[in-house]
Amino acid sequence: MRDEAFTVLSQLVRDRSGLVLARDKEYLLESRLTPVARKHNYMTVEELAQALRRPAAPDVERDVVEAMTTNESFFFRDASAFKVLRETIFPALIAARSAKRELRIWSAACSSGQEPYSIAMMLDENRARLAGWRVEILATDLSTEMIARCRAGVYSHFEVQRGLPAQLLAKHFAKSGDGWVISPELRKAVDFRPFNLLHEPAGFGAFDVILCRNVLIYFDVDDKAKILNRMARMLAKDGALLLGGAETVLGVTDKLVHQSGLIGVFMPTPPPAPRLATAS
Amino acid sequence: MTKTCLIVDDSRTMRSFARIALAKLGFATEEAADGSLALEACRRSMPEVILLDWNMPNMNGIEFVKELRQTPGGGRPIVLFCTTENDVARIVEAIDSGADEYIMKPFDTDILASKLSLNGLI
């Protein structure tokens, strides 16, 4: 791919989503944008890039950005993160919120929806304990196409077999043609909305848990810092942010602090203790 | 120590596919073409995992797993049903009969790895 074409495409993706594409990701552009080019009647990705140099139809630009920002996902991805949620984070929060009886969770880049639905299934295990509670799961993604897919809650034969125990498949899904559809109860439990992480999340409120796993690795440091600082402000002071197991906030923000012994778990940095006035 | 998986399926092609996939995941394998041969194999040496077809001659997968769980030491292997039967009622029947997991055919190595991982085997 010529430099010019690469620059046009990577700049568009960078401006709209924050995702930074290095030159070594050319193969990713080619493989993901070839179907987009064909869809819009361009013979090649280079032709598509050429067309995007002029003001293009918004749906072409949107399809390019969405194709580049969609990540593969599966149910209960990264067993250790869900173990920490099940055994440490949720029990602590449920105990701490017993008076308020409210729990708010945000899956900040939910892709095809497996992460928030996994959380909904996990909280369903605590259904008796959470009776009468207001439990909200907000799930957002840049891609409107993905959000529509999440809301439909239909997964393929292969998707329901990756990460999802058979007992949970039988409990929460029904056969639907060649695929499987998630139960109306779980679909109702998750509020799916399109949202760009680069934007100010107006009206989202505060959260007890935010999941933003394996997403910020694609952002440059400035955007990463903005997003993390915003999330730190949106977290309850005893809330938890879950990043990917290999992600860190070191050198990016001091508003979050890693929880020792819990891989990928960060909490808002406590405010400094007030200084005692010294008698002179 | 290398874990052993007993592949129980009347299809030679299926056993061959499973053998290759399991070898890639670091398992030693044994094979049986039906439930009764599989029971004999288990009585000789109990494997850590059993990949089990549903429809087979002589003794089907459901009959096998019920019998296995009554056999001394037969509570130990993780049993993964692996079948073309793919509705909720069949999954429930398999689990209620003593299986630990359920794989719907067709499947690939990623699915097999995921199911083994869910049961702490890899």
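Below, chain A is the first sequence line, B the second, and so on; all start at residue 1.
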- Is atom NZ of A:K83 surrounded by more than 12 heavy atoms (other residues, nucleotides or ligands) closer than 6.0 Å? no
- Note on the structure: The interface call for A:A79 against chain B, heavy-atom contacts under 4.5 Å, is neither
- Task: Examine whether an atom of B:N119 lies under 4.5 Å from a heavy atom of chain A, and if so say whether it belongs to the side chain, the backbone or both; otherwise answer neither.
- Result: neither
- Item | Contact summary for B:M104 and A:L169, nearest pair of heavy atoms | CE-CD2, 3.8 Å
- Task: Assess whether atom CD1 of A:I263 is packed by more than 12 heavy atoms of other residues, nucleotides or ligands within 6.0 Å.
- Result: no
- Message: Taking CZ in A:R23 as the centre, count heavy atoms belonging to other residues, nucleotides or ligands within less than 6.0 Å. Is the count above 12?
- Response: yes
- Message: How close do A:Q161 and B:S114 get, counting heavy atoms only, and between which atoms?
- Response: O-OG, 3.7 Å
- Taking the side chain as every heavy atom from C-beta outward, state whether B:I91 and A:Q167 have any atom pair closer than 4.5 Å. no
- Message: Within a 6.0 Å radius of atom NZ on B:K66, are there more than 12 heavy atoms belonging to other residues, nucleotides or ligands?
- Response: no
- Query: Who wins among A:F173, A:W180, A:F76, A:F74 for the most heavy-atom pairs under 4.5 Å with chain B?
  - Reply: A:W180
- Item | Closest non-hydrogen atom pair between B:Y102 and A:A166, with its separation | CB-CB, 3.6 Å
- Item | Exercise: identify the closest heavy-atom pair between A:F158 and B:F107 | CE2-CA, 4.2 Å
- Query: Would you call A:P165 and B:K115 a side-chain contact if the rule is heavy atoms closer than 4.5 Å?
  - Reply: no
- Message: As an exercise: rank B:I103, B:V92, B:I95, B:N86 by heavy-atom pairs under 4.5 Å with chain A and give me the winner.
- Response: B:N86
- Item | Other residues, nucleotides, ligands: >12 heavy atoms within 6.0 Å of A:F82 CZ | yes
- Task: Take atom CG of A:D24 as the centre, draw a 6.0 Å sphere, and report whether it contains more than 12 heavy atoms from other residues, nucleotides or ligands.
- Result: yes
- Message: Measuring from atom CD1 of B:I111 to atom CZ of A:R162, what distance do you get when rounded to the nearest 0.5 angstrom?
- Response: 7.5 Å
- Message: Using every non-hydrogen atom in the two residues, find where A:G163 and B:L118 come nearest and quote the distance to one decimal.
- Response: O-CD2, 3.6 Å
- Item | Exceeds 12 heavy-atom contacts within 6.0 angstrom, atom CD of A:E145 | no
